[in-house]
Amino acid sequence: MSALPTASGTVTIGTITVELPEDEARTLFLAAGARARRGGPIVISRDHTLYVNPATQISLTIEGGFANDYDPERDLAAMSRTRSAMSA
């Protein structure tokens, strides 16, 4: 029995591009967007850490389209609420 192929995503942050499974690509995309709001370093892979700021170009491409409902603004707001609750 073979496993079903998982959708992959391509995340580009500045000049660095990485391919990841869809869920991981979404998470990295959101984390980079959140970090870019204030500026600061973000770990992209074992080999790359990049400083991002509001001017950094960040993109996400999912091969074959998004498998699940995706609203980055909603997901980013949910991450912010979770983070605020954890620091309270």
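Ala32 and Val52 get closest at one heavy-atom pair: O-CG2, 4.1 Å. For Gly9 against Ala25, the heavy-atom pair with the smallest separation is CA-CB, 3.8 Å. Listed here is the closest heavy atom pair of Phe29 and Leu60: CD1-CB, 3.6 Å.
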Return a table of donor-acceptor pairs under 3.5 angstrom between the side chains of residues 12-21 and protein atoms on other chains or two or more places apart.
residue, atom, partner, partner atom, Å
Thr12, OG1, Thr17, OG1, 3.1

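Between Leu28 and Ile42, the closest side-chain pair of non-hydrogen atoms falls below 4.5 Å.
Within the model, atoms CZ of Arg35 and CG of Asn53 stand 11.5 Å from one another, a figure rounded to the nearest 0.5 Å.
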